[in-house]
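Here is how names work: the chains are called A, B, and so on, in the same order as the sequence lines, proteins then strands, and each is numbered from 1. Predicted, not measured: the structure shown is a model, and the values here were computed from it.
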Number of protein chains: 2
Amino acid sequence: MIDFGAPEPLYRQVADLLRQRIESGEYPPRTAIPSIVKLTAELGVAEVTVRKALDMLKREGLLITTPGRGTFVAQH
Amino acid sequence: MIDFGAPEPLYRQVADLLRQRIESGEYPPRTAIPSIVKLTAELGVAEVTVRKALDMLKREGLLITTPGRGTFVAQH
DNA sequence: GCCCATTTGTACGTATGTATG
DNA sequence: GCATACATACGTACAAATGGG
């Protein structure tokens with residue numbers, strides 16, 4: 001999944017992976033994606049790396065977060 | 001300058017401060033602003049906080065960075 | 001061409017605050 | 001009150017690019 005030797009930055013790899021899961025329907029619209037802690041554990045990267053990837057996708061309008069609730073796939 | 005007790009997040013306060021300096025002409029177009037290390041020392045916040053503020057201004061198109069050279073004010 | 005200082009980029013860990021249920 | 005989840009903020013380390021000597 002994540003290639004630690006690749007020249008591509010980890011946060012971009014994570015963003016690409018999540019973008020793919022959203023577009024493939026694995027993470028359907030209006031549902032919560034796994035929490036930051038769970039993504040961190042699954043992918044084997046640091047929390048800040050996952051957060052940076054999520055920030056990108058939020059700016060792109062693919063994700064919406066609500067503190068205390070979770071991170072949700074935007075309707076598309 | 002920076003109000004550590006304010007409800008406003010520090011990174012937003014830093015971004016606002018730099019935006020003000022750009023708009024006032026204190027940081028003129030096409031010139032380099034102080035380095036991250038210097039801003040960190042001047043403002044008394046963490047490097048990550050300055051970086052987050054700079055990232056915002058880069059996305060807004062106010063700043064352009066060149067690794068190894070510095071951070072420059074965009075022409076406006 | 002080669003070091004070296006400077007500067008930005010990426011990435012790790014950790015702690016505390018705030019919101020939700 | 002408590003567990004979960006995101007937000008903010010600190011410190012640190014190393015890589016890569018640039019420019020000067």
Novice: Are there over 12 heavy-atom neighbours, none belonging to B/Arg59, within less than 6.0 Å of that residue's CZ?
Specialist: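 Result for CZ/B/Arg59: enclosed.
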Novice: Taking side chain as C-beta onward, heavy atoms only, is B/Ile22 less than 4.5 Å from B/His76?
Specialist: yes
Novice: Please collect all salt bridge (charged side-chain N to carboxylate O under 4.0 Å, His left out) contacts where either partner lies in residues 60-76 of chain B, sequence neighbours excluded, each pair once.
Specialist: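 Non-adjacent pairs meeting salt bridge (charged side-chain N to carboxylate O under 4.0 Å, His left out): B/Arg19-B/Glu60.
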Novice: When you list every nucleotide of DNA chain D with an atom under 4.0 Å from a heavy atom of chain B, which one comes first 5' to 3', and which comes last?
Specialist: D/dT8 to D/dG19
Novice: Tell me whether the count of non-hydrogen atoms from other residues, nucleotides or ligands lying under 6.0 Å of NZ in B/Lys58 goes above 12.
Specialist: yes
Novice: Measuring from B/Gln13:CD to B/Asp3:CG, what's the distance to the nearest 0.5 Å?
Specialist: 5.5 Å
Novice: Does some side-chain heavy atom of B/Val73 sit less than 4.5 Å from a side-chain heavy atom of B/Leu63?
Specialist: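 A side-chain contact exists here, since the closest heavy-atom pair is under 4.5 Å.
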Novice: Would the number of heavy atoms belonging to other residues, nucleotides or ligands and lying under 6.0 Å from CD of A/Gln20 be above 12?
Specialist: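 Result for CD/A/Gln20: open.
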Novice: Sort me out a list of protein N/O and nucleotides 8-14 of chain C N/O pairs below 3.5 Å, or just none if empty.
Specialist:
from	atom 1	to	atom 2	distance (Å)
C/dT8	OP1	B/Thr71	OG1	3.1
C/dT8	OP2	B/Ile36	N	2.9
C/dG9	OP1	B/Lys58	NZ	3.4
C/dG9	OP1	B/Thr65	OG1	2.7
C/dG9	OP2	B/Lys58	NZ	3.0
C/dG9	N7	B/Arg51	NH1	3.2
C/dG9	N7	B/Arg51	NH2	3.3
C/dT10	OP1	A/Tyr11	OH	2.9
C/dT10	OP2	A/Tyr11	OH	3.4
C/dA11	OP1	A/Leu10	N	2.4
C/dA11	OP2	A/Leu10	N	3.2
C/dA11	OP2	A/Tyr11	N	3.2
C/dC12	OP2	A/Ala46	N	3.0
C/dC12	OP2	A/Thr49	OG1	2.4

